[in-house]
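Worksheet: the structure to be examined is printed underneath.
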Amino acid sequence: MTRRWLYFGTIMLEFACGPAAAFTFADGTTAECVARGEVVAEVFTNGDDPAIRNRTGLASRVDGRWQITWNGPRLKSLPAEVHDFIFFHECAHVRVPTEVELEANCAGLIDMRAAGRAGADFETRLRAKFPRRDPYWDDTFRCADVYAERDRAKPPAVPN
């Protein structure tokens, strides 16, 4: 199996070709959520568990370790853009860590951009999946844009 690690900021994603990776994006590539140097366990369910029944994904501590539990049927029903975004959203819950949904959206979108999985065309399609002028989603994109602008304003690193 071929493995490729992608490092950016404090997140590391492993993109792999083969059955070992946990999450499959809409384009067929796979990745694992890695936070603080540890692979986050991912469990796919049929959605019958009451904790996940009305959710697509849930990042939680299980036996002292982080785990993302996926509601398989709900995940499969999502449009491709939302399906891929939700991986970064749930991973951000662990990586940041945060229980605040808007913070996970913002951090997830920032990480998705850094991984090269989001950009202007993708984000236009993603935004179209949600109501226009919805403050929650407007704030998600505004937050990621503010951090992107802040990072662009940083002076470049001085070489040694």
Side-chain angles (χ1 to χ4, degrees), residues 2-35 39-40 42-47 52-60 66-154:
T2 304
R3 292 182 182 265
R4 184 175 58 161
W5 292 90
L6 177 64
Y7 297 90
F8 52 97
T10 58
I11 188 170
M12 174 176 64
L13 295 178
E14 177 187 14
F15 290 88
C17 301
F23 189 90
T24 302
F25 293 108
D27 67 2
T29 60
T30 58
E32 292 178 315
C33 174
V34 178
V39 174
V40 176
E42 295 183 59
V43 175
F44 291 80
T45 71
N46 62 7
I52 192 77
R53 185 175 299 134
N54 296 319
R55 306 177 71 114
T56 302
L58 175 65
S60 60
W66 282 102
Q67 173 180 298
I68 298 173
T69 304
W70 298 108
N71 179 332
R74 284 183 68 130
L75 187 63
K76 283 183 181 181
S77 74
L78 295 175
E81 296 83 5
V82 180
H83 174 275
D84 290 358
F85 172 76
I86 198 80
F87 168 80
F88 288 92
H89 168 91
E90 291 302 332
C91 187
H93 273 298
V94 178
R95 190 185 62 71
V96 170
T98 184
E99 292 182 19
V100 178
E101 295 302 316
L102 184 58
E103 289 177 3
N105 272 6
C106 180
L109 184 55
I110 291 167
D111 291 342
M112 194 173 197
R113 288 173 177 176
R117 298 202 63 93
D121 290 341
F122 174 87
E123 291 179 35
T124 297
R125 293 190 315 272
L126 180 62
R127 281 181 187 250
K129 305 302 179 196
F130 305 106
R132 289 189 63 122
R133 297 187 179 160
D134 179 296
Y136 178 76
W137 289 102
D138 289 347
D139 288 349
T140 292
F141 288 95
R142 187 177 305 111
C143 173
D145 291 343
V146 164
Y147 280 92
E149 186 62 35
R150 184 199 68 189
D151 289 346
R152 278 192 293 272
K154 284 183 185 176

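- Contact between Gly57 and Ile52 at its shortest, heavy atoms only, is C-CD1, 3.7 Å.
- For Glu103, the side chain to side chain donor-acceptor pair (under 3.5 Å) criterion is met by Thr98, not counting sequence neighbours.
- The shortest heavy-atom contact between Gly108 and Ala92 is N-CB, 3.7 Å.
- The closest side-chain heavy-atom distance from Phe85 to Leu78 is not below 4.5 Å.
- A ring pair (Phe, Tyr, Trp, His ring centres under 6.0 Å) check over residues 95-115, counting only residues at least two apart or in different chains, returns nothing.
- Around atom OH of Tyr147, no more than 12 heavy atoms belonging to other residues, nucleotides or ligands sit under 6.0 Å away.
- Separation of atoms NE2 (His89) and CD (Glu101) is listed at 4.0 Å; rounding is to 0.5 Å.
- Taking 4.5 Å as the limit, every side-chain heavy atom of Ile68 sits out of range of all side-chain heavy atoms of Phe23.
- Once rounded to the nearest 0.5 Å, the distance linking CH2 of Trp70 with OG1 of Thr45 reads 11.0 Å.
- Between Arg95 and Ala35, the shortest heavy-atom distance links the atoms CA-CB, 3.9 Å.
- For Ala144, the side-chain contact (heavy atoms from CB on, under 4.5 Å) partners are Leu109, Ile110, Arg113, not counting sequence neighbours.
- Between the CD1 atom of Ile86 and the CD atom of Glu90 there is a distance of 5.0 Å, given to the nearest 0.5 Å.
- Listed by chain and number, the residues in a salt bridge (charged side-chain N to carboxylate O under 4.0 Å, His left out) with Asp139 are Arg142 (sequence neighbours excluded).
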N/O donor to acceptor pairs below 3.5 angstrom from side-chain atoms of residues 126-137, sequence neighbours left out:
| from | atom 1 | to | atom 2 | distance (Å) |
| --- | --- | --- | --- | --- |
| Asp134 | OD1 | Tyr136 | N | 2.9 |
| Asp134 | OD1 | Trp137 | N | 3.3 |
| Tyr136 | OH | Asn105 | ND2 | 3.1 |

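- Evaluation of the disulfide (SG to SG under 2.5 Å) test over residues 98-132, restricted to residues two or more places apart or in two chains, returns Cys106-Cys143.
- Pairing each heavy atom of Ala118 with each of Glu123, the nearest pair is CB-OE2, 3.7 Å.
- Residues satisfying the salt bridge (charged side-chain N to carboxylate O under 4.0 Å, His left out) test with Arg53, not counting sequence neighbours, are none.
- If you take OG1 on Thr30 and CZ on Phe87, they are separated by 9.5 Å, rounding to the nearest 0.5 Å.
- Every pair passing side-chain hydrogen bond (donor to acceptor under 3.5 Å, both in side chains) that includes a residue from residues 71-88 is listed here, sequence neighbours excluded: Glu81-Arg125.
- Checked against side chain to side chain donor-acceptor pair (under 3.5 Å), Thr69 has the following partners two or more places apart in sequence or in another chain: Gln67.
- The two residues Glu42 and Cys33 come nearest to each other via the heavy atoms OE2-N, 3.8 Å.
- Under the side-chain contact (heavy atoms from CB on, under 4.5 Å) criterion, Asp27 pairs with Phe25, Thr29, Arg117, not counting sequence neighbours.
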